[in-house]
Each structure stands twice: as structure tokens, then as C-alpha cells.
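Worksheet: one structure, shown below.
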Amino acid sequence: MGFLDSLLGRSKPVKPDLDQLFGLPSAAITLQAAIGFTPTGAGSVCFASIEGGAFAQVQQEVGALLDADSERAGMPVEFSRDDYGYSWLLSRRDPDRLPALVSDLHAVNTVLQDTGFGPQLLCSLASFRDAELRPLALVYLYKRGTFYPFAPLPGQKRDNPLELQVKATIKDDLRIEHDLSRWFPLWGAPGL
């Protein structure tokens with residue numbers, strides 16, 4: 001970044017650091033100890049689809065890679081498309097196997113990035129619930145290299161106090177997105 005950039009308030013975008021995903025298990029321990037949220041075993045990756053054979057081949061390879069894991073115990077990877085045209089890959093693991101789920105999410109992101117489809121990656125999320133069955137997701141924004149909490153309520157509303165509480169709770173475990181306008185709602189995200 002040059003002098004003019006800093007003078008004019010411009011900054012270079014943060015490069016994605018997929019290894020940030022490996023902070024999720026420690027954040028999960030913090031969440032459980034502090035406010036009672038535990039992993040559900042579901043996680044997903046959202047990406048903008050591209051029509052064409054090369055992208056379809058990468059999708060097939062990712063699905064085959066994750067489905068080949070003998071520890072998945074017959075839980076297949078699911079692909080879907082949302083109402084906005086974005087594609088989702090949903091991976092499920094036993095709730096106590098969050099590190100394995102994180103490895104799945106990391107593998108999907110890495111394969112897409114390494115095959116030139118990194119610009120299509122939007123976010124990854126891991127789902128949690130508390131004793132009252134309130135849903136919560138920790139969302140990793142690929143292009144920002146940061147996380148934010150998303151706590152949906154019925155009727156496409158958000159539990160903003162819970163999201164801010166989670167932010168304060170896990171701020172030492174994960175790189176949190178400070179710009180609240182980038183805490184996008186993920187209505188109907190698979191696994192949430």
C-alpha cells in the first residue's frame with residue numbers, strides 16, 4: 001500500500017487465509033463453556049456457480065473426495081442451489097467431530113481455490129444450537145478472511161443481541177469481521 005492509498009483511505013483487501021477455519025474447534029469450546037452452544041455436525045460452503053464442464057468436473061471431484069472418507073459413516077455430501085442462484089455444498093458429521101467437519105470445509109475451499117475458482121467462493125459456515133434449540137452459524141467470509149455470527153429467528157429476523165454476545169465471546173478465538181454491514185443474513189442456508 002502506498003502513501004497515496006493511505007492518505008485517501010484506501011486499503012488492500014485482506015487475502016483469504018483458509019487456515020482460519022481451523023480456529024473453529026477452539027471457538028466451539030469457548031461457545032459451549034460461555035453460552036451453551038454446541039456444534040450440530042453440519043457445515044456448508046457457498047459459491048457462485050459457473051456453467052461449464054470444468055466447474056462441473058470440480059464439483060464432482062469435491063463430492064467424490066469427501067464421500068470417499070470412510071469415517072463419514074454413510075453421510076453423503078449434498079449439493080443444492082438457493083433461491084438466489086448460489087450453490088451450496090453441505091457436509092454432515094457427528095456433532096462431536098467438528099475438527100473433521102472443518103477439514104471437509106477446508107478441503108472444499110482449497111480445491112476450488114487451487115483449480116482457479118477461488119473468486120466464486122463466498123462463505124463457509126458451521127452450525128450450532130443451544131439447549132433451547134436456537135440456531136447459530138459461525139460464517140467465514142472468504143474474500144474478507146473474517147468470521148461473523150449469524151443467529152436467525154423465524155420470519156427472516158435476526159437475534160442481534162445474541163450475535164453481538166457471540167462476537168464478544170469468541171473474539172479471542174477467531175478473526176471477527178468488524179464491519180457489521182458485512183454480516184450478511186444467510187436465510188435458508190443448508191445445515192442451519
Side-chain angles (χ1 to χ4, degrees), residues 1 5-40 42-48 80-91 98 101-102 105-106 108-109 112-113 118-192:
M1 184 166 79
D5 290 331
S6 62
L7 185 65
L8 297 174
R10 295 184 294 224
S11 62
K12 288 185 180 179
V14 174
K15 289 189 78 174
D17 179 5
L18 293 177
D19 289 345
Q20 292 292 317
L21 289 169
F22 291 114
L24 281 169
S26 68
I29 292 168
T30 302
L31 275 176
Q32 185 172 7
I35 56 177
F37 277 85
T38 58
T40 66
S44 50
V45 176
C46 180
F47 49 94
S80 63
R81 190 172 284 212
D82 66 19
D83 294 339
Y84 303 101
Y86 293 106
S87 293
W88 290 85
L89 176 141
L90 172 65
S91 180
L98 183 60
L101 178 66
V102 169
L105 300 177
H106 188 274
V108 172
N109 281 281
L112 289 171
Q113 179 178 280
Q120 274 56 52
L121 283 166
L122 301 175
C123 66
S124 298
L125 66 88
S127 299
F128 297 82
R129 295 227 189 278
D130 67 359
E132 299 169 23
L133 300 179
R134 292 184 299 172
L136 171 71
L138 293 180
V139 181
Y140 176 73
L141 291 171
Y142 178 79
K143 290 175 176 61
R144 303 278 295 173
T146 57
F147 286 86
Y148 69 91
F150 173 59
L153 292 172
Q156 289 199 349
K157 296 180 182 174
R158 296 173 76 164
D159 189 341
N160 291 328
L162 176 59
E163 291 176 354
L164 294 174
Q165 180 184 14
V166 169
K167 173 190 173 194
T169 301
I170 62 170
K171 70 181 182 335
D172 294 332
D173 295 301
L174 298 174
R175 186 185 304 159
I176 300 295
E177 176 59 52
H178 294 291
D179 182 355
L180 299 183
S181 69
R182 294 192 181 270
W183 290 22
F184 304 109
L186 298 174
W187 309 121
L192 185 60

- Considering all heavy atoms of both residues, which atom of Ala137 and which atom of Leu192 are nearest to each other, and what is their separation? CB-CD1, 3.5 Å
- Query: What distance separates Leu121 CG from Leu112 CG, expressed to the nearest 0.5 Å?
  - Reply: 5.0 Å
- Query: Is there a side-chain contact between Tyr148 and Val166 (heavy atoms, below 4.5 Å)?
  - Reply: no
- Note on the structure: Scanning both residues in full, the closest heavy-atom pair of Gly191 with Ala42 reads O-CB, 3.6 Å
- Item | Residues in side chain to side chain contact (heavy atoms under 4.5 Å, CB included) contact with Ala48, at least two apart in sequence or another chain | Tyr86, Gln120
Which donor-acceptor pairs under 3.5 Å do the side chains of residues 24-32 make with protein atoms, sequence neighbours left out?
residue : atom : partner : partner atom : Å
Ser26   : OG   : Gly23   : O            : 3.0
Thr30   : OG1  : Ser26   : O            : 3.1
Thr30   : OG1  : Asp173  : OD2          : 2.7

- Message: Distance check, rounded to the nearest 0.5 Å: Thr169 atom OG1 versus Leu174 atom CG?
- Response: 11.5 Å
- Taking Ser127 for the side chain and Thr40 for the main chain, is one N or O donor matched with an acceptor at less than 3.5 Å? no
- Task: Could you pull out all residues at least two apart from Trp183 that satisfy side-chain hydrogen bond (donor to acceptor under 3.5 Å, both in side chains)?
- Result: none
- Item | Pair listing, ring-ring contact (aromatic ring centres under 6.0 Å, His included) test, anchored in residues 149-179, at least two apart | Phe150-Trp187
- Query: Sequence neighbours excluded, which residues qualify as side-chain hydrogen bond (donor to acceptor under 3.5 Å, both in side chains) partners of Gln20?
  - Reply: Asp17
- Query: With sequence neighbours excluded, what pairs up with Phe47 under the ring pair (Phe, Tyr, Trp, His ring centres under 6.0 Å) test?
  - Reply: Phe55
- Return the set of residues passing ring pair (Phe, Tyr, Trp, His ring centres under 6.0 Å) with Phe22 (not counting sequence neighbours), or none when no residue passes. His106
- Note on the structure: In terms of heavy-atom contacts, Gly118 and Tyr142 come closest through O-CE2, 3.2 Å
- Please report the C-alpha distance between Phe37 and Leu162 in whole Å, then the side-chain angles of each, then the deciding distance to 0.1 Å, and finally whether the side-chain contact (heavy atoms from CB on, under 4.5 Å) criterion is met. CA-CA 11 Å; Phe37 277 85; Leu162 176 59; 3.7 Å; yes
- Sub-4.5 Å side-chain heavy-atom contact between Arg129 and Pro135: yes
- Do any N or O atoms from the side chain of Lys143 and from the backbone of Cys123 form a donor-acceptor pair under 3.5 angstrom? no
- Note on the structure: In short, Leu18 meets Tyr140 closest at the heavy-atom pair N-OH, 4.0 Å
- For Asn160, check side-chain hydrogen bond (donor to acceptor under 3.5 Å, both in side chains) against everything at least two apart and list the hits. none
- Item | 4.5 Å side-chain heavy-atom contact, Phe147 and Leu125 | no
- Task: For residues 180-190, pull every pair meeting salt bridge (Lys or Arg N to Asp or Glu O under 4.0 Å), keeping only residues two or more places apart or in separate chains.
- Result: Asp179-Arg182
- Passing option when Ser124 is tested against Leu138, Val139, Asn109, Val108 for side-chain contact (heavy atoms from CB on, under 4.5 Å): Asn109
- Task: Just jot down the side-chain hydrogen bond (donor to acceptor under 3.5 Å, both in side chains) partners of Asp130, sequence neighbours excluded, or say none.
- Result: Arg134
- Message: According to salt bridge (Lys or Arg N to Asp or Glu O under 4.0 Å), does anything in residues 160-170 pair up with another residue at least two apart or in another chain? List the pairs.
- Response: Arg158-Glu163
- What pair of heavy atoms forms the shortest contact from Pro39 to Leu98, and how long is it? CG-CD2, 4.0 Å
